[in-house]
Amino acid sequence: MTYLEELLVTACDQLFSISVQPQLSRPGEQFGDFASNVALQLAKELGQPPRQVAEQLKDYLDANKDSSIAKIEIAGPGFLNFSFNDVTLWQTASAKFKKSMTGQKVLLEYSNPNAFKELHTGHLYQTIVGDSIGRLLEASGAEVYRANFGGDVGLHVARCMWGILQKLGGPELTKLTTVSPEDQAAWISQAYVAGAKADQEGSTAAAEIKQLNQAVYGFHTNDDHESPLAQIYWQCRDWSYSYFKRFYEDLEVAPFDKFYPESTTTEAGLALVKANLGSVFTESQGAVVFKGEEYGVHTRVFITSAGLPTYETKDLGVIASENTDFDYTKRVVMTGNDQSEYMRVVFAALMQFDEALAAKQMHITNGTVRFGDGQKMSSRLGNVTRAAEVIEVVQKAVEADNPALRRQISLGAIKYAFLKQRLGGDIAFDVHESVSLQGNSGPYLQYAQARAQSILKKAVALSDLQNPEFTDGERSLVRKLSEHNSVVEQAVSDLAPHLITTYLYELAQVFNRFYENNRVIGDDRQDLRLTLVSKYAATLKSGLELLNIPAPDKI
RNA sequence: GUACCCGUAGCUCAGCUGGAUAGAGCGUUGGCUUGCGGAGCCAAAGGUCGUAGGUUCGAAUCCUAUCGGGUACACCA
């Protein structure tokens with residue numbers, strides 16, 4: 001608890017013998033540095049008008065506060081507004097971030113692409129947002145494990161295998177070598193499209209695909225790496241994983257600690273379902289189901305009447321496997337929001353036989369990425385769903401001669417555009433807006449950071465300030481800087497990177513306002529101001545780091 | 001039919017654990033320009049917070065109903 005909070009608790013106790021949990025807010029600048037609404041909350045209990053309660057509190061606080069609080073005012077319906085003295089405000093702005101999650105082990109599962117399929121915008125979004133959430137947790141001291149769960153068996157794989165066989169003209173392993181490494185991803189994608197199309201159209205193809213599906217499961221259960229078809233499967237599966245690896249490297253995101261191909265989770269999942277058959281899971285129409293209605297969710301099949309595990313069972317398997325591997329205190333899984341009801345069923349089932357493990361589960365969701373400029377859908381981007389295409393289009397839209405810089409700005413543009421929106425709903429993505437150098441965009445902040453660096457290059461800043469006294473303009477900047485730690489704290493507890501983007505953008509605006517009216521280099525107050533600029537630049541940079549957005553010092 | 005998510009300025013979004021005059025960006029209109037990086041700053045116009053009730057001293061925020069959009073509901077993943 002901060003000094004101010006303690007003071008309020010004492011005041012309420014002494015004056016009214018009421019114990020309160022004071023909630024301090026950061027009000028608009030005209031109201032001071034911190035505000036409390038305790039008087040409003042206590043008014044009813046005390047049977048007094050709020051302002052009268054506030055008067056009593058103010059008198060007590062004025063008499064008992066130390067010098068760190070310069071001013072207490074009553075405003076509006078009965079708010080208590082506090083202003084710090086400049087030294088305390090600067091100390092608040094300079095305070096080290098408190099690592100509140102030290103000792104926690106968080107398993108983050110996101111991105112989750114299926115092998116044998118192409119990465120689309122949903123993967124791009126999750127990769128970027130999941131990466132940032134991981135950084136936020138790490139910044140607060142948590143150990144973070146990144147997991148990636150994807151389908152390497154199932155109908156989609158069988159369809160792709162069918163397409164592959166068409167392209168090869170049969171199980172001709174040697175022909176695979178004719179596909180060059182940079183074409184592998186596209187080649188597999190073509191095969192999948194062909195297979196999916198054939199599956200819908202032709203009955204003979206559909207039957208063949210069904211057989212291939214069984215065969216693929218067989219490669220795993222029989223540990224078959226020898227038969228020609230199996231070799232093709234394993235080879236193309238490797239291609240998929242190296243394609244994913246390149247994708248993550250290109251985005252410069254943290255690597256995954258472990259991949260969980262679906263095939264590796266069935267055993268653990270089946271074991272759990274079978275162990276709880278009769279109690280949690282019941283047989284119905286030849287299948288094994290979880291009757292969710294009793295628990296406020298719906299019924300789902302965990303093992304099909306053909307004896308095959310469904311995704312539900314594999315999900316139980318991955319939950320348990322990850323727990324065994326990393327011994328996590330909390331697991332956060334991100335999926336599209338069409339899975340939210342589904343996930344509730346899985347968690348509800350888990351709750352029935354492993355309450356402790358179920359309690360560690362958390363599900364966050366995202367909507368679909370929409371393209372356009374608001375007026376109309378861009379004809380060029382109207383139907384884009386491929387991740388690679390989005391990156392390509394953004395790179396083309398960035399105006400920079402230097403290829404390395406172009407890359408950094410492109411990454412900044414895409415990441416920021418995704419991160420600035422609250423998790424959960426659909427994501428609006430406008431290429432023009434994302435690369436724009438003005439407005440709430442990644443490149444704007446990158447520029448702001450570079451501009452601050454260029455000021456700092458002209459003279460050396462003091463490392464700290466002793467008993468500073470600020471002008472109004474300086475104080476506004478310091479005040480905004482002082483909000484940083486609590487914003488990051490909130491972003492961590494909410495798993496909400498967009499709180500960081502909003503703050504950084506506001507900070508840059510406050511700085512620009514300051515800089516417009518306050519000369520730094522050559523001014524009488526150069527030393528002090530340079531220290532503020534230095535603090536501002538460091539804050540921007542560390543904020544961009546949490547978002548994993550490159551912050552070049554020169555643009 | 002049942003459940004979940006969403007509905008805030010022309011457009012795209014913040015704000016939602018109840019609090020002060022509902023905020024940004026883009027777009028529109030006007031101003032600042034011999035500039036430490038103007039990729040900026042200042043200002044104006046623009047809102048029945050989907051609608052109707054309710055709870056409360058106080059509701060964009062909580063509850064109920066309703067309309068509109070999306071999604072999920074038995075052997076796909």
Side-chain angles (χ1 to χ4, degrees), chain A residues 23 25 27-28 30-31 35 37 40-41 43-44 49-50 75-79 81 112 114 117 150-151 153-157 262 284-293 296-312 314-315 336-345 365 367-368 370 372-376 417 420-422 424-430 432-433 436-441 443-444 446-448 450-455 457-459 494 498-499 501-502 505-506 508-509 511-523 526 529-530 533 554-555:
Chain A
Q23 288 182 347
S25 58
Q30 72 273 30
F31 297 125
N37 62 359
L40 295 162
Q41 289 170 333
K44 190 170 190 183
F79 287 98
N81 292 328
N112 295 356
N114 283 332
K117 280 180 99 169
V153 288
L155 194 61
H156 77 276
V157 178
E262 230 173 86
S284 170
Q285 299 170 33
V288 176
V289 307
F290 172 69
K291 294 239 164 94
E293 280 73 13
V297 294
H298 62 265
T299 293
R300 296 196 75 99
V301 172
F302 279 66
I303 302 175
T304 69
S305 49
L308 290 174
T310 59
Y311 197 66
E312 287 77 342
K314 295 167 191 167
D315 236 320
N337 52 18
D338 54 347
Q339 311 262 302
S340 54
E341 296 291 280
Y342 157 81
M343 204 60 85
R344 284 180 62 202
V345 179
T365 64
T368 52
R370 298 192 324 261
D373 56 8
Q375 298 296 331
K376 55 179 166 37
K420 77 174 178 179
Q421 293 180 66
R422 186 181 47 172
D426 284 353
I427 304 107
F429 184 78
D430 179 48
H432 175 72
E433 198 180 294
S436 171
L437 300 159
Q438 56 231 52
N440 190 0
S441 75
Y444 170 91
Q446 289 176 316
Y447 176 78
R451 190 188 187 198
Q453 291 299 336
S454 90
I455 299 165
K457 255 183 263 163
K458 294 175 195 295
D494 291 0
H498 81 279
L499 296 178
T501 63
T502 304
Y505 183 64
E506 286 169 2
Q509 282 182 313
F511 177 80
N512 283 334
R513 226 163 278 156
F514 160 80
Y515 195 59
E516 188 78 9
N517 303 310
N518 297 276
R519 172 157 280 275
V520 175
I521 303 299
D523 192 90
Q526 169 175 318
R529 288 181 179 170
L530 216 44
V533 175
K554 225 175 136 184
I555 287 189

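These figures come from a predicted structure and were not determined experimentally.
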### Task
Provide the distance between the two P atoms, one in B:G46 and one in B:C6, to the nearest whole Å.
30 Å

### Task
Kindly state whether the pair A:F79 / B:G19 counts as stacked, where counting means centroids closer than 5.5 Å and planes tilted less than 30° apart.
no

### Task
Give a yes/no on whether any side-chain N or O of A:K420 is located under 4.0 angstrom from OP1 or OP2 of B:A14.
no

### Task
Report the C-alpha separation of A:T299 and A:E293 in whole Å, then their side-chain angles, then the decisive distance to 0.1 Å, and conclude whether the side chain to side chain donor-acceptor pair (under 3.5 Å) test is met.
CA-CA 6 Å; A:T299 293; A:E293 280 73 13; 2.4 Å; yes

### Query
For B:U12, which nucleotide is its Watson-Crick or G-U wobble mate, given both distances must be under 3.5 Å?
B:A24

### Query
Which base, if any, makes a Watson-Crick or G-U wobble pair with B:G1, both distances under 3.5 Å?
B:C73

### Query
Given B:G40, B:G19, B:A74, which nucleotide is nearest the side-chain atoms of A:Q285?
B:A74

### Summary
The answer to which of A:R519 and A:Q30 contacts RNA chain B further toward the 5' end, by nearest nucleotide, is A:Q30

#### Entry: Phosphate-side-chain proximity, A:S454 and B:G37, N/O vs OP1/OP2 below 4.0 Å
yes

### Message
Can you say whether a donor on the side chain of A:T502 sits under 3.5 Å from an acceptor on the base of B:A24, or the other way round?
### Response
no

### Message
By nearest atom, which of the nucleotides B:C41, B:G37, B:A77 is closest to the A:T310 side chain?
### Response
B:A77

### Between B:U28 and B:C11 - C1' atom distance, rounded Å
12 Å

### Task
Looking only at side-chain atoms of A:K314, point me to the closest of B:C36, B:A77, B:C41.
B:A77

### Rounded interatomic separation in angstrom, taking CZ from A:R513 and C1' from B:C41
9 Å

## Note on the structure
Scanning all shown strands, the Watson-Crick or wobble mate of B:C49 with both distances under 3.5 Å is none

### Pair assignment for B:G7, Watson-Crick or G-U wobble, requiring both distances under 3.5 Å
B:C67

### Nearest-Å distance once atom P is located in both B:C73 and B:U29
49 Å

### Identity of whatever pairs with B:G18 - Watson-Crick or G-U, under 3.5 angstrom
none

### Query
Using a cut-off of less than 4.0 Å, is there contact between a side-chain N or O of A:Q23 and OP1 or OP2 of B:G18?
no

### Message
So if I take every side-chain heavy atom of A:L155 and compare against B:A74, B:C76, B:C41, which nucleotide ends up nearest?
### Response
B:C76

### Query
When the C1' atoms of B:U55 and B:A43 are considered, how many whole Å apart are they?
41 Å

### Query
Rounding to the closest angstrom, what is the interatomic distance between B:G47 and B:C13 at atom C1'?
15 Å

#### Entry: Distance, rounded to the nearest Å, where A:E506 contributes CD and B:G25 contributes P
10 Å

#### Entry: Whole angstrom value for the distance that separates P of B:A77 from CZ of A:R300
11 Å

### Message
Which nucleotide wins on minimum distance to the side chain of A:L40, given the candidates B:G19, B:A20, B:A3?
### Response
B:G19

### Query
When you check the phosphate oxygens OP1 and OP2 of B:C4, does a side-chain N or O of A:H298 lie under 4.0 Å from one of them?
no

### Message
Using the side-chain heavy atoms of A:P77, tell me which of these nucleotides is nearest: B:A20, B:A77, B:C16.
### Response
B:A20

### Query
Considering Watson-Crick and G-U wobble pairs with both distances under 3.5 Å, what does B:U29 pair with?
B:A43

### Task
Map A:Q41 and A:P443 onto RNA chain B by nearest heavy atom, then report which one ends up closer to the 5' terminus.
A:Q41

### Atom-pair distance (CG on A:D494; C1' on B:G15), nearest Å
13 Å

### Task
Check the distance between B:G37's P and A:L437's CG and give it to me in whole angstrom.
17 Å

### Summary
Side-chain contact check for A:Y447: nearest option of B:A74, B:G37, B:C41 is B:G37

### Query
CD of A:E341 versus C1' of B:A74: gap in Å, rounded?
16 Å

### Message
In the structure I gave you, are the side-chain heavy atoms of A:L530 and A:K458 within less than 4.5 Å of one another anywhere?
### Response
no

### P spacing across the pair B:G50 / B:G7, given as an integer number of angstrom
8 Å

### Message
Is there, by distance only and without an angle test, a donor paired with an acceptor across the side chain of A:N512 and the base of B:A39 below 3.5 Å?
### Response
no

### Message
When both hydrogen-bonding distances must be under 3.5 Å and the geometry is Watson-Crick or G-U wobble, what is B:G35 paired with, if anything?
### Response
none

### Task
Could you state the atom-to-atom distance from CG of A:L499 to P of B:G23 in whole Å?
19 Å

### Task
Mark yes or no for a side-chain to base donor-acceptor pair under 3.5 Å between A:Y515 and B:G40, with no hydrogen or angle criteria applied.
no

### Rounded distance in Å - CZ (A:F302) to P (B:C75)
14 Å

#### Entry: Heavy-atom neighbours of A:K457 NZ exceed 12 at 6.0 Å
yes

### Query
When you compare B:G31 with B:A59, how far apart are their P atoms, in angstrom units rounded to a whole number?
42 Å

### Inter-nucleotide C1' distance (B:A22, B:A65), Å rounded
25 Å

### Message
Using side-chain heavy atoms (C-beta onward) and a distance below 4.5 Å, is A:F290 in contact with A:V297?
### Response
yes

### Query
Considering only side-chain heavy atoms of A:A450, which listed nucleotide, B:G37, B:C76, B:A24, is closest?
B:G37

### Query
Does B:G37 have OP1 or OP2 sitting under 4.0 Å from an N or O in the side chain of A:K458?
yes

### Message
At less than 4.0 Å, is any side-chain N or O atom of A:R344 found next to OP1 or OP2 of B:C73? Yes or no.
### Response
no

### Task
Classify the side chain of A:Q339 versus the base of B:A77 as yes if they form a donor-acceptor pair under 3.5 Å and no if they do not.
yes

